[in-house]
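First the structure, in the form of structure tokens, and then the observations on it.
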Amino acid sequence: MRIERLKGFRDHYPDDMEIRYDFIKKMMETAISFGYRMIDFPALESMDLYRLKSGTELLEQTFSFTDKGGREVTMIPEATPSTMRMLTSRKDIKFPVRWFSIPKVWRYEEPQEGRYREHIQFNADMFGSDSYEADAEVIGLAATILDSLGLSGQYEININDRYLMELILKELGVNNPVEMFPIIDKFKKVDLNDFKERLLISGIDNNSIERLVSLLKNKIGINDIDNIFKEYGPEIKDRLKRLKDTFLLVSNYTNSKLNFDFSVVRGLSYYTGIVFEAFDTAGELRAILGGGRYNDLSKLFIDESIPAVGFAIGDAVIELLLRRSNLWNYKNNKKKYYVVNISSNPSAHIRILNDIRKSGNIAISEVNNRKMQSLIKYAEGNKCDFLIIIGDKELSSKSISLKDLNTQEQVKISIDEFIKNLKK
Ligand code: HAM
């Protein structure tokens, strides 16, 4: 019986994995350069962690089961609740804290382009600051990461503020604005008439629905914002100023387009302030990344509210974008040596292997005792740069035979000199 890989899951072979590891490394290096430090947490958490704050959509997508001790557990569908659990269980932390993590997460979604049931998610979060400067830094970090991958100009960031949306919805006569977010989150995903119908059922009158829809419809540039909000009250204008200030700061991090987009409210229910998502400029793919401010999630664990803002980037849409831009490739600057010991001393090649590896390069040993022709073919197929042959004749003069597989040039060189050259 042939056992197939599960639907929505991926295998990664080395050619693909090298590129994947390379872009994750770049993301890490950028986060580290902003002062963020890496954390990690279990792949399995108590189901309760997601019940109150992640939102019903995510809850329905969890890979969950009852363990042998009768506990309801789940493969983590996102990193934010675990990160908050870790943060609130330490008393000695000095704020602001900047953390990043790169877990695998699992969601039972219908597989489609850019969406799988398992993906790698790069998370970065800042805790202990409620300032707009913190909001801007986090969005700026997200943009710097995308730019560092060569994606500059290929994405735009849509930004909104849930708190501002609450004020707007209240002004439009909505009594429980927070309950509207799951409906608004579907604005771009459902037919407009369906959308209006859903609002009507929730008790919003037709006039307010039209005002809301006209707000949600357009992505707005910073210069148009005041015009649009002319008729709204002072509290809304104050909050709008914070959003505008954030926007201006973020534009110092990146040349990529930033939009006010009032239809971005995000599906997860813990967000309380700024929310943002990045999309490819062509608008063809699912979200590249998403995040926002979530100042109340800490209250799930402790009595205090710890201001928090962060985002997560999945690996799947990044892969699609890099492939489209012909950036799905990996060039390492290490040299690859294929080392063959045909001498009567079975350990004659080990020191050479060790020294090549210590020098930061790659040394692969022939272990199949193959004929020269077939092992050369193998070495070339493995993209080796050099072939080293150690025979009794070479050993008697403390040397090796070194063949450049790119030029086919072959030289005899003393072992000492070869090792000295490696260290240069
Ligand atoms: P999220 O929007 O649910 O946010 O996911 C963040 C990113 O993960 C998405 O933009 C997308 O790139 C990727 N992603 C989500 N689901 C899938 C999937 N099924 N397959 C492939 N990629 C996927 C969160 O998870 C929040 N916890 C982010 C956050 C961190 N907010 C604050 N801090």
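Worth knowing before you read on, the calculation uses all heavy atoms, side chains too, and leaves out hydrogens, waters and symmetry mates. Since the model is a prediction, treat every value here as computed from it, not as a measurement. Start at 1 and go down the list; that is how both ligands and their atoms are numbered.
A cation-pi arrangement is present between R370 and Y378 under the rule of less than 6.0 angstrom and at most 45 degrees off the ring axis. Stacking of R117 on the aromatic ring of Y108 is recorded, both the 6.0 Å distance cut-off and the 45° axial limit being met. Cation-pi contact between R10 and Y116: present, with separation from the ring centre below 6.0 Å and deviation from the ring axis of at most 45°.
Between Y253 and F34, the ring-plane angle classifies as parallel under the 30° and 60° cut-offs. Ring pair Y337/F418 is perpendicular by interplanar angle, where above 60° counts as perpendicular and below 30° as parallel.
Judged by distance alone, the side chain of R162 and the main-chain N or O of Y271 form a donor-acceptor pair under 3.5 Å.
Ordered by chain and residue number, the residues placing a heavy atom less than 4.0 Å from ligand 1 are E78, T80, R107, E109, G114, R115, Y116, H119, Q121, N123, D125, R266, L268, Y270, Y271, A287, I288, L289, G290, G291, Y294, G310, F311, A312, G314, A316.
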